[in-house]
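So the structure is just underneath, and the comments pick up after that.
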Number of protein chains: 2
Amino acid sequence: MPADPDRATGALYRTVAADLREAITAGRYGEAGRLPAEGALAERYGVSRGTVRQALALLRADGLVTSRRGTRRVVLGTARVQSFSELLSFTHWARSMGEEPGGRLESLVRRPADATECELLRLEPGTEVYVTLRLRTLSGTPVMVERTVYPPRVGEIVAELPADAVSHTEPLREHGILFTDADHTIDVVAANTEDARLLGCRRGSPLLREKRRTTDPTGTPVEWSQDRYLPGTVAFSIHNSLASSALSRHARDGD
Amino acid sequence: MPADPDRATGALYRTVAADLREAITAGRYGEAGRLPAEGALAERYGVSRGTVRQALALLRADGLVTSRRGTRRVVLGTARVQSFSELLSFTHWARSMGEEPGGRLESLVRRPADATECELLRLEPGTEVYVTLRLRTLSGTPVMVERTVYPPRVGEIVAELPADAVSHTEPLREHGILFTDADHTIDVVAANTEDARLLGCRRGSPLLREKRRTTDPTGTPVEWSQDRYLPGTVAFSIHNSLASSALSRHARDGD
DNA sequence: CGCCGAAAGTTGGCTGGCCAACTTGGCCCG
DNA sequence: CGGGCCAAGTTGGCCAGCCAACTTTCGGCG
């Protein structure tokens with residue numbers, strides 16, 4: 001597990017970004033302080049100004065610094081930045097918080113995909129999919145119910161995993177299934193009978209629902225999941241800006 | 001209201017991005033189709049490859065296209081993209097959906113900021129803040145309760161607005177208060193007595209809560225707001241990717 | 001002393017070019 | 001006919017430079 005996602009590749013601009021991020025988080029430029037000019041940073045790191053700008057674009061997107069023409073960049077916050085995989089994988093996320101993640105497979109069935117599943121996973125009508133139902137725990141206490149639909153190529157691998165496997169995404173990655181893009185939708189839903197039984201809450205009590213569709217680098221969907229969290233266990237947090245926004249709000253249009 | 005946020009500035013790369021976005025949304029490259037090579041696009045638009053890459057980076061961040069070294073970009077989805085202001089402003093958002101937004105000011109008080117407000121708005125202890133409570137409606141039906149804390153500079157302007165003003169952000173912009181960055185946190189909360197009365201639901205029934213802190217280009221906080229939505233009226237949707245992530249999930253740490 | 005304008009400093013935007021890393025498809029050979 | 005190798009195509013990354021737009025500062029002038 002790389003300590004710093006920015007340093008994952010050998011790219012220069014990621015190294016610079018990682019260094020600046022570390023400096024900002026350590027408060028070395030102060031809250032609401034000013035960053036050195038791009039040119040100065042370029043000289044310090046021995047790279048071109050373009051490379052520095054690439055690095056700063058990363059920090060900008062994470063909401064660590066502002067950017068305005070005419071004046072130096074201002075430090076916005078000493079942000080908690082989390083990697084893509086921490087968002088995608090319950091296991092990664094839990095571990096990054098120092099909690100002990102757990103997972104119990106309640107059921108795994110193979111059945112023909114319905115219409116919406118075919119649409120979302122981009123499959124031919126009638127293709128068989130693998131559907132898992134898992135109860136996820138943090139340090140032993142149940143916090144989330146996860147219902148995931150996998151296309152055959154992925155499902156075949158999942159089906160081979162032991163029932164008490166904590167992480168599914170890690171073994172999948174080792175089998176060459178890559179997760180690179182995800183669309184998330186967050187809303188509130190009432191617990192059904194099954195949710196209530198697994199999570200130990202009352203039927204109809206509110207749950208925070210995250211719907212997620214994940215694709216690999218070729219754009220092929222690899223996962224379609226509905227996670228339902230007990231209230232008070234998680235919150236989702238987003239930064240967006242005029243410069244680059246990744247979030248949208250929209251009307252609910254019935255599952 | 002600009003039809004396309006990408007064309008807001010006269011920047012070339014935004015124009016290119018807007019054109020490509022339009023083409024993708026119109027399905028001109030097909031679902032899961034391939035985009036022309038960067039070089040080809042550069043020639044078509046008469047710009048350098050660097051500019052095309054800037055444009056494609058925008059689409060990449062929105063999850064419209066993938067990008068992988070060695071092969072052409074693949075169209076991921078025909079995404080519903082929303083601008084920063086649609087996320088920030090209930091009014092903009094509602095109008096973009098063709099709904100009629102409404103707002104009724106329930107109360108506006110001026111009082112000393114408490115400790116957390118000072119922290120969040122970066123104010124000296126004891127500074128007076130303006131606190132508004134508004135009921136927001138879509139086509140007449142209540143959907144959201146909005147509690148916003150403004151620092152003096154901003155609150156003074158808000159206090160002058162008529163009680164039935166639909167939008168607050170628009171007049172603020174005209175007074176030179178700019179919104180450029182926002183941090184959002186989304187979770188579930190139970191309706192208190194006031195929420196229940198305003199929204200017409202039962203006390204204790206679940207609401208989708210969005211906490212938001214907005215800053216201007218200098219990094220100065222201009223707004224701190226808690227919005228509570230009736231379930232079923234909104235969902236939040238996010239795209240993130242290995243290439244650039246803007247979302248994080250974290251444990252709830254009690255208001 | 002205060003206001004205004006000029007100059008310096010800084011970021012946004014764009015160009016053109018170069019090489020490396022990677023994917024794909026086709027060709028050649030066994 | 002199949003497998004492996006090679007070349008072409010494509011994106012990632014980096015550089016050096018230029019100008020425009022904007023902010024801030026500072027000095028001169030009223």
Side-chain angles (χ1 to χ4, degrees), chain A residues 6-18 20 29 33-61 64-76 176 178 180-181 216-220 241-244, chain B residues 6-18 20 29 33-61 64-76 176 178 180-181 216-220 241-244:
Chain A
D6 282 347
R7 256 185 254 268
T9 84
L12 258 179
Y13 75 96
R14 289 188 184 276
T15 312
V16 174
L20 289 173
Y29 294 110
R34 295 287 182 87
L35 239 51
E38 295 174 356
L41 290 172
E43 197 169 353
R44 176 196 303 180
Y45 289 105
V47 300
S48 79
R49 196 186 141 215
T51 302
V52 169
R53 285 173 64 76
Q54 264 185 290
L56 290 170
L58 288 185
L59 306 188
R60 182 70 185 83
L64 264 83
V65 299
T66 58
S67 73
R68 227 179 8 145
R69 178 145 54 188
T71 192
R72 291 240 279 274
R73 293 177 130 91
V74 175
V75 176
L76 267 187
L178 298 176
T180 58
D181 281 85
D216 71 7
T218 70
T220 312
S241 73
L242 249 187
S244 76
Chain B
D6 282 346
R7 255 185 255 271
T9 84
L12 258 182
Y13 76 96
R14 289 189 182 273
T15 312
V16 174
L20 289 173
Y29 294 110
R34 296 286 182 88
L35 239 52
E38 295 173 355
L41 290 172
E43 196 169 353
R44 177 197 302 180
Y45 289 105
V47 299
S48 79
R49 194 185 143 216
T51 302
V52 169
R53 284 174 64 78
Q54 263 185 290
L56 289 171
L58 288 185
L59 306 188
R60 182 71 186 81
L64 266 84
V65 298
T66 58
S67 73
R68 231 184 357 150
R69 178 145 54 184
T71 191
R72 291 239 280 273
R73 294 178 128 92
V74 176
V75 176
L76 267 187
L178 297 178
T180 59
D181 282 84
D216 70 9
T218 70
T220 313
S241 73
L242 249 186
S244 75

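Both backbone and side-chain heavy atoms feed into the values below; hydrogens, waters and symmetry mates do not. Since the model is a prediction, treat every value here as computed from it, not as a measurement.
- Here B:Ser67 reaches the OP1 or OP2 of D:dG12: one of its side-chain N or O atoms lies under 4.0 Å away.
- One can place CG of A:Leu59 at 13 Å from P of C:dT11, the figure rounded to the nearest angstrom.
- Atom-to-atom, CZ of A:Arg68 to C1' of C:dG13 comes out at 18 Å; the value is rounded to the nearest Å.
- In this structure, the side chain of B:Arg72 engages the main chain of B:Leu35 through a donor-acceptor pair within 3.5 Å.
- Contact annotation: the side chain of B:Leu12 never approaches that of B:Gln54 to less than 4.5 Å [non-hydrogen atoms, C-beta and beyond].
- Taking atom CG on A:Leu56 and atom C1' on C:dG13, their separation rounds to 15 Å, with Å as the unit.
- We find that A:Arg60 and B:Asp181 are joined by a salt bridge, their nearest charged nitrogen and carboxylate oxygen being less than 4.0 Å apart.
- Between A:Leu35 atom CG and C:dT10 atom P there is a gap of 12 Å when expressed in whole angstrom units.
- With rounding to the nearest 0.5 Å, the separation of CG in A:Leu41 from OG1 in A:Thr51 is 12.0 Å.
- Regarding B:Arg34, its CZ atom lies at a distance of 12 Å from the C1' atom of C:dG25, rounded to whole Å.
- The phosphate of D:dT10 has OP1 or OP2 within less than 4.0 Å of a side-chain N or O from B:Arg72.
- Of all non-hydrogen atoms in A:Ala17 and A:Ala55, the two that sit nearest each other are N-CB, 3.7 Å.
- With hydrogens and angles disregarded, a donor-acceptor distance shorter than 3.5 Å links the side chain of B:Thr66 to the backbone of B:Val74.
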Checklist entry - Tell me, for nucleotides 14-20 of chain C in 5' to 3' order, what letter each nucleotide earns: B for a base near a protein heavy atom under 4.0 Å, S for only sugar-phosphate near one, - for neither? => result SB--B--
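- When distances run from any side-chain atom of B:Arg73 to the nucleotides D:dG12, D:dT24, C:dG12, the shortest one goes to D:dG12.
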